[in-house]
Amino acid sequence: MLDIKLIRDNPDTVFKAMEKRGEDLDQVREIIDLDNTYRQLLKEAETLRARRNDVSKQISHMKDKPADLIAEMRQVGDRITGIEAEANQVAGRLEDKSLRLPNMPAEDVPVGKDAADNREVRSWGKPKGFTFDPLPHWELGEKLGIIDFQRGVKLSGTRFYVLSGLGSQLQRALINFMLDTHSKQHGYTEIYPPFMVKRECLVGSSNLPKFADNLYHDAEEDYWFIPTAEVPLTNLHRDEIIPPATLPIYYVSHTSCFRREKMAAGKDTRGIKRGHQFEKVEMYKFVEPETSDGELTRLVADAEDICQKLGLPYHVIQLCTGDLGFAAVKTFDIEMWAPGCKEWLEVSSCSNCGDFQARRANVRYRPDPEAKPRLVHTLNGSGLALPRVMIAIMENYQQADGSIVVPEALIPYMNTTIIR
RNA sequence: GGAGGGGUGACCGAGUGGACGAUGGUGACGGUCUUGAAAACCGUUGUCUCCUCACGGGGACCGUGGGUUCGAAUCCCACCCCCUCCGCCA
């Protein structure tokens, strides 16, 4: 959520930012109108309230309660109720509109229309040459008996799969390797959060109200399944004032992620690239506003470190204004080359969200013991998404006979050096 | 799930209709005193929001949401959470 004061006082800044994103500017105009109406009503209600408070105080001092004053105040009370009902209605609409307006891109984000305008900022490693035709992971997985697509469908339907034997072990090894690396080498505190959360958590992270159609929801108990660990991690400090000298806070968390993928219907249905349930290791930072840009650089570096330790070639691309996620100020994606399915796989997306989520989730910090609370900045980045890294490993480390060499970094986590 | 108890400011803890944003204490900060420190004493110490260039002023907040009333931390209703006991369970 943007600061309503910013929208009010510098509407042009907001218009320009939304234009760069390709957003409909009418939303901003509506917000400004609703804000004006709301404050007008609030002012009326508060003036009446001040009068009532004053008179009530006077009445409390009087021996004989004056019936006419009380009657008058009863009317004032009714008017207050009426105006407030109206004000609440306007406030509700204002909130809904505000929650649906995306964040403003940072000044240095390249302006562009869509993914085609994203920029490669660097690349690492050389794609391995093959003396044979590398197979896609779904063929490798089935041949090796480590991915069972048919039974996944039997159990749960399309976009579900079963990992078995060394397939399952490879995933577990990767999870442990990533958690260990981030917690022991990069300074993150490991968190195990709930996978089902309350509605307000999704509002805090900005998945709701706008992206409800990508979420699983238990109507009976009103639990929402997390689409990423970013959701519970954002809310870990919801409605808190973080004490002085505490920031930055770094968290890392492995969770299952649940996504309906309504928007991507029919896309990427083959293999394990896009399922309704997948594992992810997520890094998350709460930082002081002045430091968030530098923290993003280091967040990307922490994600890259995993790629490098696994010996998997990748490139880093910066998203342009038109491709930026809803909450992000600036984002870098990491993509790995998959020689089997011959495409770049997005294994990580690292974003600085500025104070956008912090305002929604009401996460503040106190710079000094005497100072007023300020909103923190939040950052999130995959470190990394498991299925796609599995694809990259399988396809990059495959051999002519269909076996897969285990990357060196994972050998201590596996009971084998080769999957065959 | 059943029975009972309880949710008040950073913390402890008073407050059952009217000067209560909330007594008191602790902690923290500033000051007096002291060579220094402790003790003692004095003072300061919430969040949000609206109006104002500012000084300052208004409004809201005592788990959450409704209701009663001229007026609610205090009364009524619903819900949530915590504690104790019982039941059930990985």
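Order of the sequence lines sets the chain letters (A, B, ...), proteins ahead of strands, with each chain counted from 1. Worth knowing before you read on, the calculation uses all heavy atoms, side chains too, and leaves out hydrogens, waters and symmetry mates.
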Legend entry - R49(A) side chain near G59(B) phosphate (N/O to OP1/OP2, under 4.0 Å): no

Inset, instruction - Compute the centroid of each ring, for F356(A) and then for F326(A), and state whether the two points are separated by less than 6.0 Å. - result: yes

Inset, instruction - Select one nucleotide: of U47(B), C50(B), C70(B), the one nearest the side-chain heavy atoms of R74(A). - result: C70(B)

Legend entry - Selected nucleotide, minimal atom distance to P373(A) side chain, candidates G58(B), G18(B), U47(B): U47(B)

Legend entry - Closest approach of P209(A) to L99(A) (non-hydrogen atoms, all atoms of both residues): CD-CB, 3.6 Å

Inset, instruction - Name the closest nucleotide to the R52(A) side chain, picking from G71(B), G18(B), U47(B). - result: G71(B)

Inset, instruction - Tell me which of N53(A) and K372(A) sits closer to the 5' end of RNA chain B, going by the nucleotide each one is nearest to. - result: K372(A)

Inset, instruction - With the side chain of L42(A) defined as its heavy atoms from C-beta on, choose the nearest nucleotide among G59(B), C50(B), G18(B). - result: C50(B)

Inset, instruction - Check F160(A), Y216(A), F225(A) against F258(A) for a ring-ring contact (aromatic ring centres under 6.0 Å, His included) and give me the one that passes. - result: F225(A)

Legend entry - N/O (side chain, R51(A)) to phosphate O (OP1/OP2, G59(B)) under 4.0 Å: no

Legend entry - Of the listed nucleotides G46(B), U49(B), G58(B), the one nearest the side chain of E46(A): G58(B)

Inset, instruction - Mind calculating the distance between CD1 (I70(A)) and C1' (U69(B)) to the nearest angstrom? - result: 10 Å

